[in-house]
Amino acid sequence: MEKPVAVIELGSKTIKLVIGYVLDNQVYVLYTLTKNVGPVIDQGNIVDPTVLHSALKDLSVIQDSDAKLRIRISDAIVVLPPYGLEVLQTTQTTSVISEGGKIGMTELKNVYAITKMVATPNNSNALVDIIPVRYDLSEGRSYTYPPIGNASSTLTIKVKLHTLPKHIITDYRNIINESGISIKRFVAAPQGAIDLLSTYGSEVPNDYILVDIGSNQTTVSLIGARELYSSRFFRWGGDNITNKIIEKFNVNEADAEKYKILYGLDKREYSFDAPVCSSDDGYGKQVTHTVKELNTIIKDELDDLAKELNIAIDHLLEEGSDPSYKKLPMLLVGGGSLLSGLTSYIEPKVPCDTVKIVTPKTMGARNPSYFNALGMVISNHKYPNVGDDNSQKVVNLTRDPIKEDK
């Protein structure tokens, strides 16, 4: 079994932690945690560093009395949001100098070093990660994994370079390092989801449009041959519906979230206008709110979502692209994808032939909000960091010595 790795994803209102490993190309989790921290990040910008720093510091040592676990995290893979993501491509070659003319870590490090030197993102972006597409050896041999131990005179690597705005990388690096957690590597969020989806075999197509619906933001990514080509984002998430219910029904956030989850877009036929709740209208009068009202609120918000999705798809597939690409299947992930009735309402309003929600298959992490973090465990396995010394990522994960009350 591989040593477990820790993955941290900073959302607009939550921090997600996944600790897991890969066995037989499947992710197995040892621990997951979603920590609510309030609005600390907006479109990749850290707006409340004090609260975020404190929450991350608490995350470095977790004592879970229910699971009787004590977890100390020294370093982690960090999920970066794809805001301003640019994907470049290059092919580089190095000579094989290892003993016996067989490819070793020296060649891998050399070709990665050359790739980093020639990476030329624009002035505002910096390199986040190198995603190998193919390794080519002499005599026409090709591999999709590092061909360690194979004899060859040269090693050629075709890669995609993921770049993001420098300020996002710098801000995330600083806030996490200051919390006492070292960053093992950065990975752009869609890459994790793509790698996890690729383990689902024929259930997931090779080409699709990936939509990640969060609490406040939605990202739309173009995937071809299971490779990330580009991403766009817009300000819309599950909280848009929750906030509108709060406003129209005059209820608190917890109740609004409850009604959204319980009813969703309710298509059941009633012989009467079924009540959802009642609330004070502000003048001491109780007002009853119905399923019909709730459906109207949700439909209005989903119309906004569909409009933004169409704009994002148009931007991803610029003029000159094959028009058929707009009909690629749309796959929905993220916590906001759980809304009942979402797919059937959205599907006729977007150009994609089908719209489908995908949920993780990993035991202990079935919520689609974990998709990116789970995928990072696979990404780290598929694309080993050549600078990694393979030291243990989670310094200590033991049964809590605290005794149960008798």
Side-chain angles (χ1 to χ4, degrees), residues 1-11 14-37 52 55-80 129 172 176-177 179-201 212 214 333-335 338 358-385 388-404:
M1 184 186 85
E2 286 189 345
K3 292 178 179 178
V5 294
V7 180
I8 294 173
E9 181 174 17
L10 306 182
T14 63
I15 299 175
K16 293 183 182 67
L17 169 69
V18 169
I19 298 174
Y21 61 94
V22 176
L23 181 64
D24 295 331
N25 203 36
Q26 299 297 319
V27 179
Y28 291 84
V29 298
L30 300 174
Y31 190 80
T32 61
L33 173 70
T34 296
K35 187 178 182 68
N36 294 311
V37 292
L52 186 55
L56 283 167
K57 199 169 184 63
D58 290 343
L59 205 66
S60 63
V61 179
I62 298 171
Q63 191 151 306
D64 190 323
S65 56
D66 292 334
K68 299 183 180 61
L69 283 176
R70 178 181 173 82
I71 305 169
R72 182 180 295 276
I73 298 172
S74 65
D75 60 6
I77 302 163
V78 177
V79 181
L80 289 180
D129 203 8
Y172 275 58
I176 291 174
N177 284 341
S179 71
I181 300 173
S182 298
I183 298 169
K184 178 171 179 56
R185 69 191 296 180
F186 285 127
V187 184
Q191 187 61 47
I194 294 164
D195 288 331
L196 185 58
L197 287 167
S198 71
T199 67
Y200 293 173
D212 184 351
V333 299
L338 289 174
V358 187
T359 55
K361 298 180 179 181
T362 307
M363 291 292 292
R366 294 289 179 84
N367 191 301
S369 66
Y370 282 117
F371 231 106
N372 295 330
L374 286 170
M376 296 306 165
V377 181
I378 283 279
S379 299
N380 189 63
H381 170 77
K382 287 179 64 177
Y383 321 118
N385 187 345
D388 183 17
D389 60 3
N390 202 33
S391 58
Q392 189 167 337
K393 288 64 176 182
V394 184
V395 168
N396 196 10
L397 190 152
T398 60
R399 288 294 172 186
D400 195 327
I402 296 175
K403 295 181 179 179
E404 294 182 86

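Values below: all heavy atoms of this structure, side chains included; hydrogens, waters and symmetry mates excluded.
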Stepwise side-chain contact (heavy atoms from CB on, under 4.5 Å) test for K35 and L17: CA-CA 8 Å; K35 187 178 182 68; L17 169 69; over 6 Å; no
T362 and V18: CA distance, side-chain angles, deciding distance, side-chain contact (heavy atoms from CB on, under 4.5 Å) verdict: CA-CA 11 Å; T362 307; V18 169; over 6 Å; no
Verdict with reasoning, L59 to L33, per side-chain contact (heavy atoms from CB on, under 4.5 Å): CA-CA 9 Å; L59 205 66; L33 173 70; 3.5 Å; yes
side-chain contact (heavy atoms from CB on, under 4.5 Å) between I19 and V377, worked out: CA-CA 8 Å; I19 298 174; V377 181; over 6 Å; no
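Considering CG of D212 and CG of N372, their distance stands at 5.0 Å, rounded to 0.5 Å.
Closest of all the heavy-atom pairs between F371 and T359 is CE1-C, 3.8 Å. The two residues L52 and I15 have their closest heavy-atom pair at CD1-CD1, 3.8 Å. Closest non-hydrogen pair, I181 versus S60, comes out as CG1-CB, 3.9 Å. Taking each heavy atom of A365 and V29 in turn, the nearest pair found is CB-CG1, 4.3 Å.
Residue pairs meeting the salt bridge (Lys or Arg N to Asp or Glu O under 4.0 Å) criterion with at least one partner in residues 358-385, sequence neighbours excluded, are D195-K382, E203-K361. For the salt bridge (Lys or Arg N to Asp or Glu O under 4.0 Å) condition, no pair includes a residue of residues 14-32, sequence neighbours left out.
For T34, the side chain to side chain donor-acceptor pair (under 3.5 Å) partners at least two apart in sequence or on another chain are Y370. Taking the side chain to side chain donor-acceptor pair (under 3.5 Å) definition, one finds that N367 meets it with S369, sequence neighbours left out. Under the rule for a side chain to side chain contact (heavy atoms under 4.5 Å, CB included), the partners of S182 that lie at least two apart in sequence or sit in another chain are D75. F186 pairs by the side chain to side chain contact (heavy atoms under 4.5 Å, CB included) definition with V78, L80, V128, I169, Y172, R173, I183, not counting sequence neighbours.
Ring geometry for Y28 versus Y21: interplanar angle under 30°, hence parallel rather than tilted (30 to 60°).
Between N380 and the options I77, V22, V7, V187, a side chain to side chain contact (heavy atoms under 4.5 Å, CB included) holds for only I77.
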